[in-house]
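Scope of the values below: all heavy atoms of this structure, side chains included, with no hydrogens, waters or symmetry mates. All values derive from a computational prediction rather than experimental measurement.
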Amino acid sequence: MNEWEWQLLEDKTTVRSATIGGVDVHVGDRVLLRPRQGGDVLDIALAGQVALIESIEQDYEGKCHVCVVLDGDPGRDLGLLRQPGHRFFFDVSEIEPLSPQQAHPTLAKPAAKILVAGIGNIFLGDDGFGVEVAKRLASHQFPTGVKVVDFGIRGFDLAYALQDGYQTAIFVDAYPHGQAPGTVSLVEPDLSNLDESQEGVLETHGMNPVNVLRMASAMNGGLTNSNLKKVLLVGCEPMTFGGEEGQMGLSAPVAAAIDEAVKMIASVVDLILKPLQ
């Protein structure tokens, strides 16, 4: 593709809807991909996949191109930083509308979207608590709409993941607050005032969740204006962060608290989802 062709692609406008087979589809609708016959290997792989419309763009000739992301694509967790390999453009003739219930699953049955985020640095002793809990939760069978991710110390990744429509985020982390080592607590921070006075409320050594929330709030023009309505912390009182040399592995009381944290998270998720069942 030459430079002139790239310029033509960039000369486009974004629209909110397009008409496919007499049916209006909008940004946020789920559609079925039907790539044209004789396409490449990627077209073959994407044929029959369900995808979410991320944008509808109109080029200089007035032709619409539909940008989609696949249902279940782990790259969607990258939020606005996701690479082009996670976004695909199709002509409207290659898109098949779904029924209203399929295109908008919430019309059939509302579902809370919950992110469980393991946080921490595995090289700093008990700071790796959230990471270990996330690993344990990976084998837990949660209902649809609940996602568990080990973010470690990747604060930017977590901030961008919070842009993806989650209604509740459960942070799992070491939480020093003067209790006996291994004590597991459930805390709900106040999201209405993410200023400097809140510094240290969710302090951690590898990633500061308060700064992550500030970053996510700045991206969205305020968390109160986004889908994210509740942030919870399942925190464990640490015994040691390993000092200047650091330390691999959890202390005995913190390692013993993993089961309690897993049960607490499962219980919290159940309570959140129960009103919707």
Side-chain angles (χ1 to χ4, degrees), residues 1-115 143-147 149 156-167 216 219-221 226-228:
M1 183 177 292
N2 61 39
E3 183 177 351
W4 180 79
E5 288 173 317
W6 276 115
Q7 182 60 42
L8 290 181
L9 283 179
E10 292 171 359
D11 186 14
K12 58 187 183 296
T13 57
T14 300
V15 296
R16 294 296 301 173
S17 65
T19 302
I20 302 175
V23 177
D24 289 338
V25 295
H26 305 79
V27 172
D29 284 353
R30 297 166 73 245
V31 294
L32 195 63
L33 303 182
R34 297 294 191 191
R36 64 187 180 280
Q37 293 289 331
D40 57 19
V41 173
L42 185 58
D43 285 332
I44 295 173
L46 294 176
Q49 297 273 8
V50 175
L52 183 78
I53 298 179
E54 187 172 77
S55 67
I56 303 172
E57 299 178 0
Q58 193 173 59
D59 63 21
Y60 75 107
E61 294 180 329
K63 185 176 182 180
C64 283
H65 304 273
V66 181
C67 174
V68 301
V69 291
L70 296 181
D71 271 11
D73 180 1
R76 292 176 62 181
D77 289 332
L78 297 176
L80 300 177
L81 280 183
R82 54 178 158 257
Q83 298 300 310
H86 298 281
R87 302 168 72 244
F88 305 96
F89 282 87
F90 287 90
D91 184 87
V92 292
S93 65
E94 300 176 296
I95 300 293
E96 180 179 316
L98 298 176
S99 69
Q101 289 75 22
Q102 293 170 315
H104 301 279
T106 54
L107 293 179
K109 182 179 180 181
K113 195 175 182 186
I114 303 171
L115 174 66
T144 301
V146 180
K147 186 157 192 172
V149 181
F156 281 102
D157 287 355
L158 176 53
Y160 278 108
L162 293 175
Q163 310 303 308
D164 277 355
Y166 293 103
Q167 298 171 3
M219 293 172 185
N220 250 328
S226 73
N227 286 335
L228 187 64

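Interatomic distance, Ile114 CD1 to Gln167 CD, rounded to the nearest 0.5 Å: 8.0 Å. Here the CD1 atom belonging to Ile95 is positioned 8.5 Å from the CG atom belonging to Leu32, to the nearest 0.5 angstrom. Annotation: the span from Leu115 atom CG to Lys147 atom NZ amounts to 8.5 Å, rounded to 0.5 Å. A distance of 8.0 Å separates CG in Leu52 from CG in Asp29, rounded to the nearest 0.5 Å.
Within the 4.5 Å cutoff, side-chain heavy atoms of Phe90 are placed close to those of Val68.
The shortest heavy-atom contact between Phe89 and Cys67 is CE2-CB, 3.5 Å. Across Val50 and Arg30, no two heavy atoms sit closer than the pair CG1-NH2, 3.5 Å.
A salt bridge is absent between Glu94 and Arg34; no separation between the charged side-chain nitrogens and carboxylate oxygens falls under 4.0 Å.
Partners of Asp24 according to the salt bridge (Lys or Arg N to Asp or Glu O under 4.0 Å) rule, which considers only residues two or more places apart in sequence or in another chain, do not exist here.
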